[in-house]
Amino acid sequence: QVQLVESGGGLVQAGGSLRLSCAASGRTLSSYALGWFRQAPGKERELVSFITWTGARTYYTDSVKGRFTISRDNPKNTMYLQMSSLKPEDTAVYYCAATAKIYSNYHASDFDSWGQGTQVTVSS
């Protein structure tokens with residue numbers, strides 16, 4: 001398995017921006033599909049975005065389309081989530097995840113390596 005560590009979370013006002021990073025160790029990420037999930041208090045973990053191992057396909061849940069951008073830097077073994085126009089409802093713990101499975105669509109159960117999470121809090 002690959003070890004993942006998220007960073008970049010914090011407190012931001014509504015309308016602001018944050019960039020989350022997910023750094024990997026143990027394995028190269030170049031052959032892994034990568035995803036960002038979030039979990040708000042009292043809610044189930046939600047798939048926010050994923051990017052396939054080639055980077056050719058990305059997915060965004062409807063609530064973040066046009067505001068979040070997922071990207072990967074394989075030489076740096078790092079994935080990013082640029083979040084803009086943040087809203088209070090984006091408040092959650094954000095997790096990155098990786099999988100070697102090659103699919104066109106992914107669900108949480110498809111990912112087998114997870115980070116510890118980073119808190120994002122958006123104040124109104």
Side-chain angles (χ1 to χ4, degrees):
Q1 285 189 343
V2 61
Q3 287 75 49
L4 303 172
V5 178
E6 303 95 337
S7 62
L11 173 64
V12 64
Q13 288 187 332
S17 299
L18 283 175
R19 187 176 81 156
L20 304 184
S21 299
C22 175
S25 61
R27 297 278 179 93
T28 177
L29 285 183
S30 59
S31 59
Y32 284 76
L34 305 170
W36 285 100
F37 293 78
R38 66 186 179 186
Q39 188 165 20
K43 295 188 176 181
E44 293 186 354
R45 188 169 296 190
E46 172 191 27
L47 172 61
V48 176
S49 179
F50 70 72
I51 184 168
T52 55
W53 72 279
T54 62
R57 168 163 163 71
T58 57
Y59 162 88
Y60 300 93
T61 192
D62 286 346
S63 61
V64 309
K65 284 181 181 177
R67 300 188 298 121
F68 290 11
T69 303
I70 191 171
S71 62
R72 60 191 301 161
D73 187 336
N74 287 342
K76 292 185 177 180
N77 232 25
T78 303
M79 170 178 66
Y80 304 98
L81 185 68
Q82 178 67 48
M83 306 186 295
S84 303
S85 301
L86 282 162
K87 304 175 181 180
E89 50 264 44
D90 295 316
T91 296
V93 177
Y94 283 71
Y95 300 88
C96 64
T99 179
K101 301 179 179 72
I102 301 176
Y103 298 152
S104 56
N105 289 293
Y106 291 91
H107 302 87
S109 58
D110 297 321
F111 291 85
D112 41 34
S113 296
W114 293 82
Q116 83 291 348
T118 185
Q119 176 71 46
V120 171
T121 303
V122 184
S123 63
S124 57

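Values reported hereafter were calculated over all heavy atoms of this structure, with side chains retained and with hydrogens, waters and symmetry mates removed. In this text the structure is predicted, and so the values were computed from the model without any measurement.
The pair D90-K87 does not count as a salt bridge, with every side-chain nitrogen at least 4.0 angstrom from each carboxylate oxygen.
Of the possible donor and acceptor atoms, one in the side chain of R67 sits under 3.5 Å from a partner among the backbone N and O of S63.
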I102 and W53: CA distance, side-chain angles, deciding distance, side-chain contact (heavy atoms from CB on, under 4.5 Å) verdict: CA-CA 8 Å; I102 301 176; W53 72 279; 4.0 Å; yes
Derivation of the side-chain contact (heavy atoms from CB on, under 4.5 Å) call for R38 and V93: CA-CA 5 Å; R38 66 186 179 186; V93 177; over 6 Å; no
From CA spacing to verdict: side-chain contact (heavy atoms from CB on, under 4.5 Å), I51, Y32: CA-CA 9 Å; I51 184 168; Y32 284 76; over 6 Å; no
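To the nearest 0.5 Å, atoms CG (L4) and OG (S21) are separated by 12.5 Å. Note that CG of N105 is 10.5 Å distant from OG1 of T52, once rounded to the nearest 0.5 Å. For the atom pair Q82 CD and I70 CD1, the distance stands at 12.5 Å (nearest 0.5 Å). To the nearest 0.5 angstrom, L47 atom CG is 5.5 Å from Y59 atom OH. If you take SG on C22 and CD on E6, they are separated by 5.5 Å, rounding to the nearest 0.5 Å. For the atom pair CG (L18) and CE (M83), the distance works out to 4.5 Å, reported to the nearest 0.5 Å.
Contact detail for V2 and S25: the closest heavy-atom pair is CG2-O, 3.3 Å. The shortest heavy-atom contact between S124 and A14 is CA-CB, 4.3 Å.
Counting heavy atoms from C-beta on, the side chains of L20 and T118 come closer than 4.5 Å. Between L81 and R19, every side-chain heavy-atom pair lies at or beyond the 4.5 Å cut-off. Side-chain contact check for P75 versus D73: some heavy-atom pair is nearer than 4.5 Å. Put simply, the side chain of R72 reaches to within 4.5 Å of the side chain of L29, judged on heavy atoms. A heavy-atom distance below 4.5 Å is found between the side chains of W36 and M79. Counting heavy atoms from C-beta outward, V122 and Q13 have side chains that stay 4.5 Å or more apart. Counting heavy atoms from C-beta on, the side chains of K101 and D112 come closer than 4.5 Å.
Listed by first and then second residue, the ring pair (Phe, Tyr, Trp, His ring centres under 6.0 Å) pairs involving residues 69-124 are F37-F111, F37-W114, F50-Y106, Y103-Y106, Y106-F111 (not counting sequence neighbours).
Taking T28 as the reference, S30 meet the side chain to side chain donor-acceptor pair (under 3.5 Å) condition, with sequence neighbours excluded.
For the 3.5 Å distance criterion, the side chains of T91 and E89 fail to qualify, holding no donor opposite an acceptor. No donor-acceptor contact under 3.5 angstrom links the side chains of N77 and R27, judged on distance only.
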